[in-house]
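First the structure, in the form of structure tokens, and then the observations on it.
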Amino acid sequence: KEEFNYLHDLFIKGYASIQHPFKPEISERRKKIFYDRFILGKTIYLSAQRSFVSEETVKQESNIAIIQFSSALELVVFS
């Protein structure tokens, strides 16, 4: 149970860091895409259909989201 709580807290910390600095609606879309792609394992096409955006937008938002998530958990080091 302790390990689950620890991992859950890490996930919440990373997920909360996925955001857009000025537009909350983009933050929500980015979180939705992250969840679809990396938690549920949906394809780019299905994520695009679900979010009503282009596949290219899903690719870009996925890249940004995974960087934000990883950075919050200090899994990525920028040099």
Side-chain angles (χ1 to χ4, degrees):
K1 177 134 171 117
E2 282 182 39
E3 187 175 343
F4 173 81
N5 288 336
Y6 175 72
L7 293 174
H8 184 262
D9 290 344
L10 283 178
F11 177 79
I12 296 299
K13 179 181 178 182
Y15 192 73
S17 73
I18 299 171
Q19 54 189 306
H20 186 277
F22 307 113
K23 299 182 179 178
E25 64 276 3
I26 294 177
S27 296
E28 291 305 313
R29 181 182 72 199
R30 193 173 287 170
K31 287 178 179 183
K32 184 177 180 181
I33 290 171
F34 175 86
Y35 192 82
D36 282 351
R37 296 278 295 126
F38 301 111
I39 304 303
L40 299 179
K42 294 186 185 236
T43 63
I44 292 171
Y45 175 78
L46 288 176
S47 296
Q49 294 295 313
R50 186 168 184 264
S51 298
F52 304 106
V53 295
S54 70
E55 291 180 42
E56 188 60 34
T57 300
V58 170
K59 290 176 192 176
Q60 291 171 354
E61 294 293 333
S62 294
N63 289 339
I64 293 168
I66 198 70
I67 289 171
Q68 289 177 332
F69 183 88
S70 300
S71 295
L73 301 180
E74 298 176 0
L75 300 175
V76 177
V77 177
F78 296 99
S79 57

How would you list all residue pairs meeting salt bridge (charged side-chain N to carboxylate O under 4.0 Å, His left out) that involve residues 51-67, not counting sequence neighbours?
Arg29-Glu61, Arg30-Glu61

Strictly by salt bridge (charged side-chain N to carboxylate O under 4.0 Å, His left out), give each pair with a member in residues 35-46 just once, sequence neighbours left out.
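Qualifying pairs, neighbours excluded: Asp36-Arg50.
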
Keeping to residues at least two apart or across chains, list the ring-ring contact (aromatic ring centres under 6.0 Å, His included) pairs with something in residues 38-58.
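Applying ring-ring contact (aromatic ring centres under 6.0 Å, His included) to every pair that reaches into residues 38-58, excluding sequence neighbours, yields Phe34-Phe38.
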
Starting from Ile33 and following side-chain heavy-atom contacts under 4.5 Å between hydrophobic residues (I, L, V, M, F, W, Y), which residues can be reached?
Ile44, Val53, Val58

Cluster companions of Ile26 among Ile, Leu, Val, Met, Phe, Trp, Tyr (side-chain spacing under 4.5 Å):
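None, because no other hydrophobic side chain comes under 4.5 Å of this residue.
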
How far does [atom1] of [X] sit from [atom2] of [Y], to the nearest 0.5 angstrom?
| X | Y | atom1 | atom2 | result |
| --- | --- | --- | --- | --- |
| Ser17 | Gln19 | OG | CD | 7.0 Å |
| Phe22 | Ser27 | CZ | OG | 11.0 Å |
| Ile64 | Ile18 | CD1 | CD1 | 11.0 Å |

Those residues at least two apart in sequence (or on a different chain) that pass side chain to side chain contact (heavy atoms under 4.5 Å, CB included) with Leu73 are Leu10, Lys13, Phe69, Leu75

Would a single hydrophobic cluster contain both [Y] and [X], if residues Ile, Leu, Val, Met, Phe, Trp and Tyr are joined by side-chain heavy-atom contacts under 4.5 Å?
| X | Y | value |
| --- | --- | --- |
| Tyr15 | Ile12 | yes |
| Phe4 | Ile39 | no |
| Leu7 | Phe11 | yes |

Mark yes when over 12 heavy atoms from residues, nucleotides or ligands other than Glu3 sit less than 6.0 Å from its CD; otherwise mark no.
no

Looking at Ser71 and Gln68, would you say the former's side chain and the latter's main chain have a donor-acceptor pair under 3.5 Å?
no

Search all heavy atoms of Gly14 against all heavy atoms of Ala72 and return the closest pair with its distance.
CA-CB, 4.1 Å

